[in-house]
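Quantities reported herein were computed from a predicted structural model and do not represent experimental measurements.
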Amino acid sequence: MSVDRSYSPYEVIRAYHDRGMMKWGTFATGELTEAQNTFEKEKKEDKVIQTLPHHLVLHLLNQSFSNQVQIKVKYQSKDKLTEIYGFVSEFIKNQVRIKSTDKIYLISIEQIINIS
């Protein structure tokens, strides 16, 4: 659809071609990106991790130690949730030493949230 602009004394106005919806593309893309980021943030906040009871944590750590089975441990480290894979190698007081392929971790048993 073309608009007749022959009434205008200015060449720029007469030659102007409206790009239609193309001019709104960047606004729509920005809003879509912002909405997706907000959705992902809320999705992460909604994810509630069920904490295991203390006796079950100890039982699973002991099973991993005695059978030398690799486990995945989620634990609270400062303000973030950390996840590691490894083998339980030693119990030291109220801590457990877990050997992964690249590092050895010493984790307080109270910090452990989940084991699988």
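- Between Ile98 and Ile84, some side-chain heavy-atom pair lies under the 4.5 Å cut-off.
- With rounding to the nearest 0.5 Å, the separation of CD in Gln36 from NZ in Lys41 is 16.0 Å.
- You'll find the side chain of Gln95 stays beyond 4.5 Å of the side chain of Ile107, heavy atoms only.
- Distance NZ/Lys93 to CG/Leu106: 11.5 Å, rounded to 0.5 Å.
- The minimum heavy-atom distance between Phe87 and Gln70, with the atom names listed, is CE2-N, 3.3 Å.
- Remark: the backbone N or O of Lys103 is paired with a side-chain donor or acceptor of Ser100 at under 3.5 angstrom.
- In this structure, CG in Asn94 is found 5.0 Å from OG in Ser108, a value given to the nearest 0.5 Å.
- When hydrophobic clusters are built by joining Ile, Leu, Val, Met, Phe, Trp and Tyr residues whose side-chain heavy atoms come closer than 4.5 Å, directly or via intermediates, Phe91 is grouped together with Val73.
- Across Phe65 and Ser89, no two heavy atoms sit closer than the pair CE1-O, 3.3 Å.
- The shortest side-chain heavy-atom distance between Glu110 and Gln76 does not fall under the 4.5 Å cut-off.
- A continuous path of Ile, Leu, Val, Met, Phe, Trp and Tyr side chains, each step under 4.5 Å between heavy atoms, connects Tyr105 with Leu52, placing both in one hydrophobic cluster.
- Judged purely by atom type and a 3.5 angstrom limit, Ser66 uses its side chain to pair as donor or acceptor with the backbone of Asn62.
- In terms of heavy atoms, Tyr75 sits closest to Ile112 at CB-CA, 3.9 Å.
- A side-chain contact (heavy atoms from CB on, under 4.5 Å) with Ile115 holds for exactly one of Val88, Val57, Leu56; it is Val57.
- For Glu34, the CD atom counts as loosely surrounded, since its 6.0 Å shell holds 12 or fewer non-hydrogen atoms of other residues, nucleotides or ligands.
- Put simply, the side chain of Val69 does not reach to within 4.5 Å of the side chain of Gln63, judged on heavy atoms.
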Item to check | Full working for side-chain contact (heavy atoms from CB on, under 4.5 Å) between Asn114 and Lys72 | outcome: CA-CA 8 Å; Asn114 200 345; Lys72 176 174 72 171; over 6 Å; no
